[in-house]
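Everything below concerns the one structure shown next.
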Amino acid sequence: MSFVRCLLFLFLCLSACVTSGGHSLEARPLLATEGEPPDTPVSRAVEALARKDFDLAQKHLSQALAEAPTDARALFAQACLLLEKGSLAEAAVMGKRLREVAPTTLEGPILEALIARRGTHPTESWRDAFVGAWASAGRPMFEDPGLFGGMALWDKLVAPLEGAWARTDRAEVRWMLALAGASLDDESRRWLSAHLEDVQDPRLLLPALEYFPRDTQPAEHREALRTRLRRFAEVEPTEMQRALVLLMEPRQQPEAPLTEEELRELERIAALPDYRPTSTASSYAEAERLLRSAGVTEPAAGAFAAMVTGLGLQGPFLLLQVTKASGKTLSPDHRMRLGRALWSLGERIAAESTLVERMVGRNLRREGATLLADSERLARATTDLEEARAVASASGQLQLDAWPLPSLREAMLAASVEDEWTHLRDFVTP
């Protein structure tokens, strides 16, 4: 799935990740997944909470607490349900019980601070309330990557996509379902490849070069797609994102050094004013609209996945591969020209709003500074990249969208869609 590949790319960017420098606690995570049955009253309650079916969630939690009154997971989910409904006094009682039965958990202090903050700042956004509560709790960082894994909601949130394919025959909508993460069989993929010509929105077409690997798509379909993308590039000649993909993707030897002609084209692209002219907010809104048109009643997770796949990172990724593979074999002239182009491209990509673009852009700047042998630029680029890695590390540890609080999850998603970098940076910047 293209979304997974994009996240894998982010993981590769993080392979040399440094820690955020925040206070890291060693207590056992409350929601670690070891040995948890796949279907329990608590897990069913969390699924119901994700759908905002509060009555059903309460039914499952009542059963869970009747069977095990000191079950930390059930107490945590019950407190979240009460907090979601605005029953702050009752939520505080549950938070206190959670602290008594599981005093070393990291979620407990944040939960209690969040309940208190919702009482003292009732008009504050859920996102800002959580940031404030987390700071009040000592800015803890969770070392175990399985934090909240027992209540991971992503698969459940994407599940509403299933079945939507059969409800529509519009190529644009079906393509959006694919970008959003719908599970498609080979026949459906072949249908999509053959009907990409019916997709009229050029913003939706760029991810197709990554979604369909070259060896799995008929050559005539792929060349027709490239031709259309080149035509769109001629209409919008200032867009860097599409031009960079069209330069790098068709190369028959992906890691071979850039030719003189390719280097000139890269220099032209690096001088363009816009990297990604379409905002993440508008991409998300269009994805949500198309998914709803196919009867997807809970499109948030799928729309976000589609937004991520539309970032067009294949071009920068391939350029980094070429640079790392051929940098030492370049002539001095090509080395300096490529270094300047990489620095300029990196500056523009790193100005975008998503965390992964910040990391990719800062990686390009570092590679450019290395080719230029510019120690001042290299030091600045390295510091900036370490900051981005710290933000990614903090985000990965906190797993901010996994708390069983629908309003909090929606607020976190909205903040990520609007400006993910600014949103996440608050978790490493006091």
Side-chain angles (χ1 to χ4, degrees), residues 20-25 30-31 46 49-50 52 54 76-77 79-92 94-95 98-99 105-142 147-148 151 153-154 157 279-282 284-285 288 300-301 303-304 307-308 352-358 387-388 390-430:
S20 67
H23 182 52
S24 181
L25 304 179
L30 169 64
L31 301 178
V46 169
L49 266 170
K52 297 185 179 181
F54 300 139
F76 180 75
C80 286
L81 172 56
L82 292 168
L83 178 56
E84 176 72 32
K85 295 171 67 175
S87 303
L88 301 183
E90 295 174 81
M94 285 295 160
L98 173 62
R99 176 160 38 89
T105 60
L106 302 186
E107 294 88 347
I110 302 175
L111 174 64
E112 288 192 291
L114 180 59
I115 294 169
R117 193 171 183 96
R118 292 300 292 172
T120 57
H121 299 72
T123 62
E124 187 176 40
S125 74
W126 279 91
R127 182 264 176 197
D128 291 347
F130 185 90
V131 173
W134 173 73
S136 297
R139 305 173 64 85
M141 287 294 167
F142 298 81
L147 175 66
F148 301 144
M151 292 186 179
L153 302 178
W154 184 263
L157 293 172
S279 70
T280 50
S282 63
Y284 177 87
E288 191 175 45
F304 187 81
M307 182 198 81
V308 172
E352 296 296 340
S353 63
T354 68
L355 171 60
V356 68
E357 287 170 313
R358 293 271 174 161
E387 178 194 36
V391 172
S393 177
S395 172
Q397 289 180 45
L398 286 167
Q399 298 193 29
L400 302 174
D401 62 346
W403 278 50
L405 268 168
S407 293
L408 177 61
R409 188 185 68 245
E410 291 170 1
M412 292 295 187
L413 177 63
S416 289
V417 168
E418 184 63 29
D419 188 338
E420 184 182 46
W421 173 254
T422 300
H423 161 51
L424 295 179
R425 194 166 179 264
D426 281 349
F427 290 95
V428 296
T429 304

Worksheet item: Does any non-hydrogen side-chain atom of F427 lie less than 4.5 Å from one of V391?
Response: no
Practice prompt. Would you please name every residue forming a salt bridge (Lys or Arg N to Asp or Glu O under 4.0 Å) with E112, sequence neighbours left out?
Written response: R99
Discussion item. Looking at W134 and P140, would you say the former's side chain and the latter's main chain have a donor-acceptor pair under 3.5 Å?
Written reply: yes
Please tabulate, for the side chains in residues 80-91, all donor-acceptor contacts under 3.5 angstrom to protein atoms that are two or more places apart in sequence or on a different chain.
{"residue": "E84", "atom": "OE1", "partner": "S407", "partner atom": "N", "Å": "3.1"}
{"residue": "E84", "atom": "OE1", "partner": "S407", "partner atom": "OG", "Å": "3.4"}
{"residue": "E84", "atom": "OE2", "partner": "S407", "partner atom": "OG", "Å": "2.6"}

Fill in: Derivation and outcome, side chain to side chain contact (heavy atoms under 4.5 Å, CB included), residues F54 and L49
CA-CA 6 Å; F54 300 139; L49 266 170; 3.8 Å; yes
Practice prompt. In plain terms, say whether R358 and E387 are close enough for a salt bridge, that is, a side-chain N and a carboxylate O under 4.0 Å apart.
Written response: no
Worksheet item: Counting only N and O atoms by type, is there a donor-acceptor contact under 3.5 Å from the side chain of R127 to the main-chain atoms of L408?
Response: no
May I have the list of side-chain donor-acceptor pairs in residues 113-123 shorter than 3.5 Å, sequence neighbours left out?
{"residue": "R117", "atom": "NE", "partner": "E124", "partner atom": "OE1", "Å": "2.8"}
{"residue": "R117", "atom": "NE", "partner": "E124", "partner atom": "OE2", "Å": "3.4"}
{"residue": "R117", "atom": "NH2", "partner": "E124", "partner atom": "OE2", "Å": "3.1"}
{"residue": "R118", "atom": "NH1", "partner": "E124", "partner atom": "O", "Å": "2.8"}
{"residue": "T120", "atom": "OG1", "partner": "A116", "partner atom": "O", "Å": "3.4"}
{"residue": "T120", "atom": "OG1", "partner": "R117", "partner atom": "O", "Å": "3.3"}

Discussion item. Strictly distance-based, threshold 3.5 Å: is any side-chain N or O of S416 a donor or acceptor partner for the main-chain N or O of M412?
Written reply: yes
Worksheet item: Just wondering, do L405 and F130 contact through their side chains at under 4.5 Å, heavy atoms?
Response: no
Worksheet item: What pairs with S353 under side-chain contact (heavy atoms from CB on, under 4.5 Å), at least two apart in sequence or on another chain?
Response: R276, T280, D419
Worksheet entry | Under the side-chain contact (heavy atoms from CB on, under 4.5 Å) test, residues paired with A281 that sit two or more places apart | S279, V417, E418
